[in-house]
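Notes follow once the structure below has been shown.
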Amino acid sequence: MDVVLLSRLQFAFTIMFHYIFPPLTIGLGLILAYLETRFFFTKKPIFSIASQFWTRIFVLNFAIGVASGIVMEFQFGTNWATYSRFVGDVFGSALAAEGIFAFFLESGFLAVVAFGRQRVRAGLYLFSVYMVALGSVFSSIWIVVANSWQQTPAGHHIVDVLRPTTLADGSSGVLPWVVDGVVQRRAEIVDFMGMVFNPSTVYRLTHVLLGCAAVGAFFVLSISAYYILTNKHREFAKHSFNGAVIFGLVAALGLAANGHSQAQNVYAYQPAKLAAFEGHFETGRGDLNLIGWPNAEQERIDFAINIPGGLSFMVFDDLSFSKTVVGLDRFHVEDRPPLVIPFFSWRIMVGLGGLMIVVCSLGLWFSIKKTLAEKKWLLWTFVFGIGFVILANQSGWIAAEVGRQPWTVHPPVEWNAEGTDLITAADGRYQYDESLGLRTKDSVSAAVSTTEAKSSLVLFSILYLALLAVWIMVLDRKIRTGPKLEDGTDAHGPGGIQQATSDRQHARLNDDSIVKGGA
C-alpha cells in the first residue's frame, strides 16, 4: 500500500472512532437540557434523578471524545501537509471559531454541570446545562462548516503561496513557492459569511444535528429498554423511554425529509457523487436502485431491484419519472468516485434510517397502549438499536467522504443554461478546472514514508482500541450502578454556592476551636 492509501486509512480510522462520541454528547446535551427544564418547573425528583444519571454518562463521553479528537488535528500537519497549506486559511478560521465559541463554552460550564449541582442556585445550574448543550452544538457547526467547504467551496479565491527569497540582483523579494516543479497554492478567504454559508452547509448541518439527536435518543432508549427488561429502576426507565422515543421519532422523520433535499443539493454541486451513490452509469432517465451489486468494469448494476424513474423523482421531484439525470458517463474514469463503498454505505444509512422510523413508531404506540413491557422482542431491538444508529451515522459520513474522491477539495461544476446537463468537452465528458480544487493524491506530505504511515496506523489502532475498552468498562459500570441522587435530596438548596461557602467556613471555624480547646 502507498502513503496516500495508508494516510487515508489512518485518518478514516481515527475520525470514525472519534465520531462515536460527539453525536452522543450533542444528543445527550439536548436531553439534559430538557430534563433540567422539566425539573426546574415541576420539582419532580424523577427528572433530577434522570438528569444526574445522564450527566455522569455525558461527562464520560465528553472526556473520551476530547482525547480521541486531538489526534486528527495533528494528522493535518503530519500526513496531509499540502492539503493543510491549501485549506489552512479556511480551516484556521473555522477551527479557531470552534475553539473560542464552542469548546471553551462547553468545557467551562461542564464543570458547573458535573460538580455544581449542590453548590449553585437552580437557575444558574439550568443556565449551565443550556450552555453545555449549546457549546456542543456550536462545535458541530464549525466542524461542518469546514467540511462542507471542502465539498462545495465558496467565499474564497486561489492564490500562489509566496516565500521570501533572494533575487538575482541580490535584493530581497518574494516568489511563488515551487515544489517538484509545481507551484503551491492556497485558498484565501474573501467573503467570510460566503465561506460559512457555502452551498451545502445548511443541508449538511441539519442532517448532522438530526443524526446526533437520533444517536442521543437511541442511547437513552437502549439503556432504558435494558432496565425495563431486567425490571430495574422502572420509574426512571419509563420516563426516560417515553421522552426518548418521541425525540427519536422526530429525529428520524427529520432525517428522511432533510435527506431528500440534501440529495438534490449533492446532485447540483457533486453530480458524480450522487451517480456513484445510485450506480447511475448512463445519462438519461434515472432509475432508483434499491439493491444490487455495482459492476464498474461493465458499468451496470448486477442483480438490481429498482424503481423505474425513481432517481428522476428524487432529484427533480419529477412526477413523470422521466427527467434526464447526469450519469457517470459524463466523467473521465480518473474523475469518478469509487463505486462499491459509496453505493453500499449510502444504502446502509438510508435503510437503517427507515428502520429507525419503524421501531420508534412501534415503541411509541405500545408505550401509549401501556403494553411495552410485554413486547420483549421490541425492547431487545432498542437495546441493540444504538449500535445500528451509530452504524447509520458512520455510513453517512463514509458515503459523503468516499463519494467526494478523487478530491479533498472538490472543484465546482458548470451546468448548461437549462440546467439539464453539464457543460462538457468535445469528448462528451466534463473537464474539471483543477486549479480550483485539490486531488487527494496531491494532498499528502512528501516527507512521510510508507513505513512511518504503517507504524503510526498500527500504534493508533492499538491506542484507540485500548481507549474503547476503557470506555466500555466504565460505561458498563455506570449502567449497572444505575440512577441515584447525589448526596442530599435537595438538588438545589436555598443558599446555593453562598450557603455552601458559609457551611465550609463554619466547619473550618469549628475545627479551629476544637484544636484550640484541646491545646
Side-chain angles (χ1 to χ4, degrees), residues 3-5 7-8 11-12 75-76 79-94 143-161 176-192 194-201 203-204 265-277 326 328 330-339 341-342 397 399-415 421-425 427 429-446:
V3 173
V4 176
L5 179 57
S7 296
R8 289 180 63 192
F11 194 82
Q75 288 180 85
F76 288 139
N79 295 62
W80 301 95
T82 304
Y83 164 82
S84 296
R85 282 194 295 272
F86 190 88
V87 305
D89 284 14
V90 177
F91 271 40
S93 59
I143 296 301
V144 171
V145 164
N147 185 271
S148 297
W149 182 87
Q150 296 178 112
Q151 311 277 349
T152 54
H156 71 289
H157 65 181
I158 305 297
V159 298
D160 293 340
V161 179
W177 184 16
V178 179
V179 178
D180 295 331
V182 178
V183 176
Q184 302 300 293
R185 300 167 296 128
R186 64 184 178 88
E188 187 178 80
I189 297 176
V190 295
D191 179 4
F192 181 76
M195 181 274 291
V196 171
F197 292 101
N198 65 72
S200 64
T201 293
Y203 295 97
R204 292 165 58 80
N265 179 264
V266 169
Y267 179 72
Y269 294 94
Q270 298 174 295
K273 176 191 285 190
L274 188 69
F277 285 170
V326 168
L328 289 170
R330 285 290 186 264
F331 302 91
H332 295 96
V333 174
E334 63 271 19
D335 293 337
R336 299 178 185 179
L339 195 60
I341 293 177
W397 276 110
E401 299 309 305
V402 178
R404 183 186 54 187
Q405 299 302 317
W407 310 95
T408 49
V409 179
H410 198 285
V413 296
E414 293 185 62
W415 295 85
D421 203 349
L422 298 172
I423 299 176
T424 58
D427 61 359
R429 293 181 175 175
Y430 188 78
Q431 187 65 48
Y432 286 103
D433 185 349
E434 299 205 24
S435 67
L436 300 178
L438 183 66
R439 288 186 182 270
T440 304
K441 66 181 180 63
D442 299 324
S443 303
V444 295
S445 304

Residues which pass side-chain hydrogen bond (donor to acceptor under 3.5 Å, both in side chains) with [X], listed by chain and number, not counting sequence neighbours:
| X | result |
| --- | --- |
| S7 | N79 |
| R85 | T82, Q184 |
| T152 | N198, S200 |
| S443 | T408 |

Can you name the residues that form a salt bridge (Lys or Arg N to Asp or Glu O under 4.0 Å) with E414, not counting sequence neighbours? none

With R336, which residues qualify under salt bridge (Lys or Arg N to Asp or Glu O under 4.0 Å), at least two apart? E299

Test of understanding: with side chain to side chain contact (heavy atoms under 4.5 Å, CB included), list the residues that count as partners of [X], not counting sequence neighbours.
| X | result |
| --- | --- |
| Y203 | S261, Q262, N265 |
| S445 | A81, V448 |
| V196 | W142, V145, F192 |

Holding to ring pair (Phe, Tyr, Trp, His ring centres under 6.0 Å), I want the full list of residues that pass it with [X], two or more places apart in sequence or in another chain.
| X | result |
| --- | --- |
| W177 | none |
| F86 | none |
| Y430 | Y432 |

Report yes if the side chains of T201 and W149 come closer than 4.5 Å at any heavy-atom pair, otherwise no. no

For the pair R404 (side chain) and W407 (backbone), establish whether a donor and an acceptor sit closer than 3.5 Å, ignoring hydrogens and angles. yes

Going by an N to O cut-off under 4.0 Å, is there a salt bridge joining R330 and D421? yes

